[in-house]
**Student:** 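Structure incoming, see below.
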Amino acid sequence: MPTIRELMTQSEQAMADADKDVNAPKVLFYHVSGLEPHQLYMQMDEEVNEDVLAKFNEGMERLMAGQPVQYIKGKEYFFSREFIVNEDVLIPRYETEELVEQILYAIDDYFKDYDEITLTDVGTGSGAIAISLALEEPKLTVSATDISEKALVVARENAKALGADVTFYQGDMLQPLIERGIKVDIFVSNPPYIPQDQNIDPLVKDNEPHVALFGGEDGLYFYRLIFKDVKKVIKDRALLAFEMGFDQRELMEEALEVYFPGVPYTIMKDMSGKDRMLMIYYNLK
Ligand code: GLN
């Protein structure tokens, strides 16, 4: 049996040669061994256990075949909680944790005296946003929608496993809310926003659901759909919070001029300094 160090060196080299993420083998090893980082470093020069090696090799094959390590593990952390993920849902991104954080700040700023705050998350995928918010802010009553029944299976499992009270509806964009006459204080969405023809990492393009990634010719297709009808599903005083693409500020401002003339908004940057979040303050300021 190789030592852990040998196995890591060899696997990282194989990934580097294939122009793939060299950190993935270590993440995979933590998963199959159940070791914590500090334990791994203490045991670097010990031989790898046979079962662990078999599982690791299986995972390495999938990594070399171009699959994301999160789907191999079947989980990803989001806002300090573990979410189930599979090929039916987008893998939650760090940037999206910042959206959750900004929404929590905005709740403090604009909804402080509310006893109950209603919120909906359209296109919830794994449920990461909706579930995190429901668990972080007890005043929230949260619903979430997705067009994909398969995504909702994952989202419901996550809500159950994490003990979050979220009501899920299947349907296209705002339809499930309009049908039920639901009107919320906070409307959230991280819609698909990658322009159709944009060249993206094959790790993303070949594995993650395209229904969660691509937003038409200029990436704004779903925002325009939402902007057009969203007043049907928000209260007279509401916050609208979106994730957006880093290169969409100008197009977004044009769309806001059309659908929300004169309504205050901010486009916020993520930790990497890229435009990433849009907040619209509808009768809030
Ligand atoms: N942030 C994702 C990516 O870069 C895209 C998510 C989305 O389209 N909403 O792959």
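Along the sequence shown, the residues carry numbers beginning at 1. Remember, predicted model here, so these are calculated numbers, not experimental data. In each ligand, atom 1 is the first atom listed, and ligand 1 is the first ligand listed.
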**Student:** Out of Met279, Met252, Glu253, which one pairs with Tyr265 under the side-chain contact (heavy atoms from CB on, under 4.5 Å) rule?
**Tutor:** Glu253
**Student:** Identify, by atom number and element, the atoms of ligand 1 in contact range of Pro191, meaning under 4.0 Å from any of its heavy atoms.
**Tutor:** 7 (C), 8 (O), 9 (N)
**Student:** My understanding is that we take every heavy atom of each candidate and find the minimum distance to atom 2 (C) of ligand 1. Doing that for Arg93, Arg276, Glu208, which one comes out nearest?
**Tutor:** Arg93
**Student:** Is it the case that over 12 heavy atoms from other parts of the model lie below 6.0 angstrom from the CE atom of Met44?
**Tutor:** yes
**Student:** In this structure, does ligand 1 have an atom that sits under 4.0 Å from one of the heavy atoms of Ala212?
**Tutor:** yes
**Student:** Can Ser143 and Thr167 be counted as having a side-chain donor-acceptor contact under 3.5 angstrom?
**Tutor:** no
**Student:** Set out, in order, the CA-CA distance, both residues' side-chain angles and the distance that settles side chain to side chain contact (heavy atoms under 4.5 Å, CB included) for Gln198 and Tyr193, then state yes or no.
**Tutor:** CA-CA 10 Å; Gln198 197 167 89; Tyr193 58 65; over 6 Å; no
**Student:** Going by atom types only, do Tyr94 and Glu98 share a side-chain donor-acceptor pair under 3.5 Å?
**Tutor:** no
**Student:** Closest by any non-hydrogen atom to atom 7 (C) of ligand 1: pick that one out of Tyr193, Phe242, Tyr94.
**Tutor:** Tyr193
**Student:** Purely on distance, is any nitrogen or oxygen of Val204 under 3.5 Å from one on ligand 1?
**Tutor:** no
